[in-house]
S.K.: 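Provided herewith is a single structure, encoded as structure tokens, for subsequent inquiry.
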Amino acid sequence: MAAPWRSLRLVAPIWNRSTRGIHHLGGAVDPESNQKKRRTMLQYLSDYFYDVESLRGYFLQNEMVKVHQKNRSFAYLGETYGPNNAGAFFILKQGGAVKFRDKEWIRPDKYGHFPQEFWNFSEVPVEAVDASDCAINYEGLENLYLLKELQSLSLQRCPHVDDWCLSRLYPLADSLQELSLAGCPRISERGLGCLYHLQNLRWLDISDLPSVSNPGLTQILVEEMLPNCNVVGLNLAEGLKLGPEEQPRDTDRPVPA
Amino acid sequence: MLPRVLSLGVRRGRFTRRPGRGGFSLDWEEKLSEIKKKIQSALPGTSLLPLYDSSHLPPDHADVVIIGGGVLGLSAAYWLKKLEKQRGALRVLVVERDLTYSQASSALSLGGIHQQFSLPENIQLSLFSASFLRNINEHLAVVDAPPLDLQFNPLGYLWLASEKDAAAMENNVKMQRQEGAKVCLMSPDQLRNKFPWINTEGVALASYGMEDEGWFDPWCLLQGLRRKVQSMGVVFCQGEVTRFVSSSSRMMTQNKKEVKLKRIYEVHVKMDNSLEYQPVECSIVINAAGAWSAQVAALAGIGKGPPDTLQGTKLPVEPRKRYVYVWHCPQGPGLESPLVADTSGTYFRREGLGSNYLGGRSPTEEEEPDPGNLEVDHDFFQDKVWPHLAQRVPAFETLKVQNAWAGYYDYNTFDQNGVVGPHPLVVNMFFATGFSGHGLQQAPGVGRAVAEMIVEGRFQTINLDSFLFSRFYLGEKIQEDIII
């Protein structure tokens, strides 16, 4: 879920490669050309007027404050409703989906509303969390510690999950078995070393990470690091990207033991 | 309009007649270009000084002059501009002798950050700096500039302790946990399970930092700070400080002893490769000159006096040379290896995906190399570093050194901890130096402390009262045991 501020081009879109946003333009007019005009004019003006530049700086700060607000601590709810419900509420409020043990997936709809019956579940642990495309960041991951028996976590395409966040996953090491980091624009091979602590991991998805410099080699090193885990990478996709005439490189395929 | 007319005139070629009548037309063309230059220089938007160009000189007046443009100086400049009461209230000038940073400790640093110190203030400084670096793109955001990629590697530090240091390490870890650092203690068995490539012989205890510890790219931090600080209006100047002009006043202490207080009101900044200098009138001077801080302090008269008096107490910071070696070892520790600091003082960490490792060792007092230049001594690696590496990690018995470099520590010979805050006698000189190898990781915190001292008058976020200069005279050592 991209923020509308992206249309103002406040930050050069180096991160935003894999998160194409919804541009709130409201009309049936061709969005692209309107987009470009608005971007150029504000940028152009901010080159000439300090006021416009500081206004854009103010909008940038505002967006950051919004992300922080989304990731505030929900621990206080844990005292009244139990840690599992508090953690589930945090994820649902962000826009992600939650699965309690022996129950169905709870997903918010496009307006952000979700069924409230999970508050009545007492002591039912949360098994799986799907936080794809959510604005979860370093501070928000602390709320995940409330879910003591989490088995599957999906952080696909989260724009604020970076290497610092990966170093925060170690408290979930006892229960976490599946982890997906596909498409996160800020994760690089340096953060993947932290996954060593998750010794119970059985399935890891590290495909489509744009900031990883050498995907094939990284895949091999991660597989060496986590021998009991099935590491799903970008083998096939890498081969296809090279085109029909080129041979897929050997480093893309893990050497069969 | 005028420039267009002038340029059109030249293009039309009316005045490019061939020389003939006694050289008249040549003279006319030269004169015209001179007239054009004079008019263009007098137009608004360009320098109005027809005599000489002084754009390379620092301004005549500045509120705060920061000597030293490394990470500590830039961090102080950033926080000064962030904490100033009104927008544009403080005019800050940063004077850096070498804008290529060829000998600066910040650029040559290994870039590690950890919270495993024995002093609570150091732990708090590191924690503050870690949260600053984590949110660096919020703090140092400049509109339209690309976001900073610090290349932070969150793998943590692993400190190994022998039998005699184990008790001290346990106490330190308890204190670190109280301050909020996430450190776990490991026994030799647990260590062997976790990292099978370590030889745990001689290791009694190990402490492993789990969060907010690791290493990053210091050059990126430097450039990011510089970019942000320039966008906030700080003036940069390349030059060397050669003289302080100060006024002094005599005051009586409560014991009826006379003491002479000095106040620096002018800083002479000399340009590179010339005798030209600019006197900058200032009200506050921050000494962040790193390994050369003692020279700058001596210019202000700090240390000129009989020994064992406050006037005679010099700033005990001197440059110490340290080597860093890069080697390649194909069977070495894997992607998950932290920065390992051995019982012998040897340390190493992995670099990148290609089995390259960086490391070194602090020499003992007798082995200290001459800090005159930054030449690397490769024998030091062969004799003093490699044996310990090979003993601790057997895979390092076969390795090949690829590269090496040397850098300076701004080593505080008194107690290896930084000096922060004003000097008691030279009342407007503030120090932010002497961090002996952990300056980079504490720079954001120290910069904020200095800025708070200047703007508010006291330390607010982290209390660094024990880091003041007066401890050198009073003899109160705050020894930091855990340094590499």
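Order of the sequence lines sets the chain letters (A, B, ...), proteins ahead of strands, with each chain counted from 1.
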S.K.: How many angstroms lie between atom CG of A:Leu221 and atom OG of B:Ser355, to the nearest 0.5 angstrom?
M.R.: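 Going from the CG atom of A:Leu221 to the OG atom of B:Ser355 covers 7.0 Å.
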S.K.: Check each atom of A:Glu224 against the heavy atoms of chain B and say whether the ones under 4.5 Å are side chain, backbone, both or neither.
M.R.: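 For A:Glu224, there is no contact with chain B at all, as no heavy atom is under 4.5 Å.
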S.K.: Using a cut-off of under 4.5 Å on heavy-atom pairs, state which of B:Asn135, B:Asn153, B:Leu133 scores highest against chain A.
M.R.: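 With the most close heavy-atom pairs to chain A, the winner is B:Asn153.
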S.K.: Any carboxylate oxygen within less than 4.0 angstrom of a Lys/Arg side-chain nitrogen, looking at B:Arg134 and A:Glu139?
M.R.: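 Yes.
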S.K.: Just checking B:Gln190: does its CD atom have more than 12 heavy atoms from other residues, nucleotides or ligands closer to it than 6.0 angstrom?
M.R.: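 Yes, enclosed.
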S.K.: How far does CG of B:Asn193 sit from CD of A:Gln199, to the nearest 0.5 angstrom?
M.R.: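 One finds 10.0 Å between CG of B:Asn193 and CD of A:Gln199.
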S.K.: Can you tell which part of B:Glu213 gets under 4.5 Å to a heavy atom of chain A, answering side chain, backbone, both or neither?
M.R.: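 Neither the backbone nor the side chain of B:Glu213 comes within 4.5 Å of chain A.
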S.K.: Rounded at 0.5 Å granularity, tell me how far OG in A:Ser167 sits from CG in B:Leu155.
M.R.: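 Rounded to the nearest 0.5 Å, the OG-CG separation comes to 9.0 Å.
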S.K.: Calculate, to the nearest 0.5 Å, the distance between atoms CG and CG belonging to A:Asn214 and B:Leu353 respectively.
M.R.: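 One gets 6.0 Å once the value is rounded to the nearest 0.5 Å.
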S.K.: Can you say whether B:Asp212 sits under 4.5 Å from chain A via the side chain, the backbone, both, or neither, judging by heavy atoms?
M.R.: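 The answer is both parts of B:Asp212.
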S.K.: With only heavy atoms counted, which part of A:Gln61 is less than 4.5 Å from chain B, the side chain, the backbone, both or neither?
M.R.: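 Contact with chain B: side chain only.
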S.K.: Which pair of non-hydrogen atoms, one from B:Val143 and one from A:Arg56, has the smallest distance, and what is that distance?
M.R.: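 Where B:Val143 meets A:Arg56 most closely, the heavy atoms are CG1-NH1, 3.5 Å.
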S.K.: Dump the intermediate steps for side chain to side chain contact (heavy atoms under 4.5 Å, CB included) on B:Glu336 and A:His197, then the final yes or no.
M.R.: CA-CA 9 Å; B:Glu336 75 282 357; A:His197 298 291; over 6 Å; no
S.K.: If you round to the nearest 0.5 Å, how far is CE of A:Met225 from OG of B:Ser337?
M.R.: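 One finds 10.5 Å between OG of B:Ser337 and CE of A:Met225.
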S.K.: For A:Glu189 versus B:Leu335, what's the shortest heavy-atom pair and its separation?
M.R.: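 Shortest heavy-atom contact: O-CD2, 4.2 Å.
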S.K.: Using atom types as modelled and distance alone, determine if a side-chain donor or acceptor of A:Tyr196 lies under 3.5 Å from a backbone N or O of B:Lys194.
M.R.: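 Yes; at least one donor-acceptor contact below 3.5 Å.
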S.K.: Side chain from CB out, backbone as N, CA, C, O: work out which of these in B:Phe216 comes under 4.5 Å of a heavy atom of chain A, or both, or neither.
M.R.: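 Contact with chain A is absent: no heavy atom of B:Phe216 under 4.5 Å.
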S.K.: If you compare all heavy atoms of A:Cys194 against all heavy atoms of B:Pro154, which two are closest, and at what distance to 0.1 Å?
M.R.: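 Taking every non-hydrogen atom into account, SG-CG, 3.4 Å.
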S.K.: Kindly compute the distance separating OH (A:Tyr170) from CD (B:Glu211), expressed to the nearest 0.5 Å.
M.R.: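 Going from the OH atom of A:Tyr170 to the CD atom of B:Glu211 covers 4.0 Å.
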S.K.: For atom OH of A:Tyr50, is the number of surrounding heavy atoms from other residues, nucleotides or ligands below 6.0 Å larger than 12?
M.R.: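 Incorrect, the count does not exceed 12.
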